[in-house]
2 protein chains.
Amino acid sequence: MAEDVFKALADPTRRRILDELVERDGQTLFEICARLVTKHGLGLSRQAISQHLAVLESADLVRSRRQGRYKFHDLNTEPLERIITRWLKRDTQEAP
Amino acid sequence: MAEDVFKALADPTRRRILDELVERDGQTLFEICARLVTKHGLGLSRQAISQHLAVLESADLVRSRRQGRYKFHDLNTEPLERIITRWLKRDTQEAP
DNA sequence: ACTATAGGCAAGTGGTGACTTGCCTATCAA
DNA sequence: TTGATAGGCAAGTCACCACTTGCCTATAGT
């Protein structure tokens with residue numbers, strides 16, 4: 001639902017997570033934690049990131065695949081592309 | 001700032017307001033109130049809508065022009081177009 | 001078997017944001 | 001001027017959300 005997408009994007013930390021995933025897909029929870037700390041100085045607990053990932057996953061912005069004891073996370077930009085055009089005016093006025 | 005745009009979009013009522021403004025620009029506060037009530041059944045106070053408009057305006061998603069005792073509100077989609085491409089991967093993006 | 005790693009579940013806390021209420025200012029019409 | 005309309009300001013309430021803490025499960029390595 002679009003509601004979940006907007007809610008997911010509302011938090012700056014979750015947007016940072018998307019930033020990391022767009023750089024490299026297939027990161028685990030611990031990898032994301034480490035990168036947020038080292039690159040952005042965010043001192044968040046592992047559970048905090050885990051909850052953020054759950055929100056992103058419920059919005060279908062992130063998809064995860066389990067492999068042994070690892071859980072890899074992938075970015076899914078499809079919901080973004082769908083909600084974008086909601087308020088973009090049809091180019092009826094700009095047409096010559 | 002992008003931060004303000006995402007925060008503004010986080011609330012469903014504010015998204016409804018954008019929906020109304022994309023339909024017709026230049027609506028006053030009272031017009032927006034009336035349309036939210038009649039079309040969406042939202043029983044919100046005038047002040048609530050006023051505060052929402054202030055948030056949208058600080059995000060530059062809505063611009064207002066005063067005329068006598070009326071204040072008309074216009075939709076500005078430029079901030080939307082700027083934040084969209086943030087996570088869109090290279091192969092789905094257009095060359096500048 | 002034992003231990004460390006990777007992750008999950010659930011209750012509790014603090015702060016922010018949405019909404020209301022009450023009162024105030026400014027503009028227009030009679 | 002009086003009254004009605006359009007809007008603004010400020011304080012207060014309430015619920016939700018981000019984050020923590022503590023404990024638990026599962027997989028991999030030795």
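Proteins come first, then strands; the chains are lettered A, B, ... in the order of their sequence lines, and each starts at number 1. Values below: every heavy atom of this structure, side chains too, minus hydrogens, waters and symmetry copies. All values derive from a computational prediction rather than experimental measurement.
- In this view, B/His73 satisfies the side chain to side chain donor-acceptor pair (under 3.5 Å) rule with no residue, not counting sequence neighbours.
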Side-chain polar contacts of residues 46-58 of chain B - donor-acceptor pairs under 3.5 angstrom, sequence neighbours left out - could you list them?
from	atom 1	to	atom 2	distance (Å)
B/His52	ND1	B/Arg14	NH1	3.1
B/Glu57	OE2	B/Ser64	OG	2.5
B/Ser58	OG	B/Val55	O	2.8

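- For B/Asp74, the salt bridge (Lys or Arg N to Asp or Glu O under 4.0 Å) partners at least two apart in sequence or on another chain are B/Arg65.
- Annotation for B/Val37: hydrophobic cluster partners, listed by chain and number, are none (ILVMFWY side-chain heavy atoms under 4.5 Å, direct or chained).
- Looking at residues two or more places apart in sequence or on another chain, you find no salt bridge (Lys or Arg N to Asp or Glu O under 4.0 Å) involving A/Lys7.
- Once you apply a 4.0 Å limit to the heavy atoms of chain A, the touched nucleotides of DNA chain D run 5' to 3' over D/dC17 to D/dA28.
- Pairs engaging residues 2-51 of chain A under the ring pair (Phe, Tyr, Trp, His ring centres under 6.0 Å) rule: A/Phe6-A/Trp87 [sequence neighbours left out].
- Among residues two or more places apart in sequence or in another chain, the salt bridge (Lys or Arg N to Asp or Glu O under 4.0 Å) test is passed with A/Glu3 by B/Arg15.
- Checked against salt bridge (Lys or Arg N to Asp or Glu O under 4.0 Å), A/Arg66 has no partners two or more places apart in sequence or in another chain.
- Near DNA chain D, defined here as any heavy-atom distance below 4.0 Å, the residues from residues 41-57 of chain A are A/Gly43, A/Leu44, A/Ser45, A/Gln47, A/Ala48, A/Gln51, A/His52, listed numerically.
- The stretch residues 58-74 of chain B touches DNA chain D through B/Arg66, B/Arg69, B/Tyr70, B/Lys71, each having a heavy atom within less than 4.0 Å of the strand.
- Under a 3.5 Å cut-off, the side chain of A/Glu31 and the backbone N or O of A/Thr28 do form a donor-acceptor pair.
- For the side chain to side chain donor-acceptor pair (under 3.5 Å) test, residues two or more places apart in sequence or in another chain that qualify with A/Arg63 are A/Asp60.
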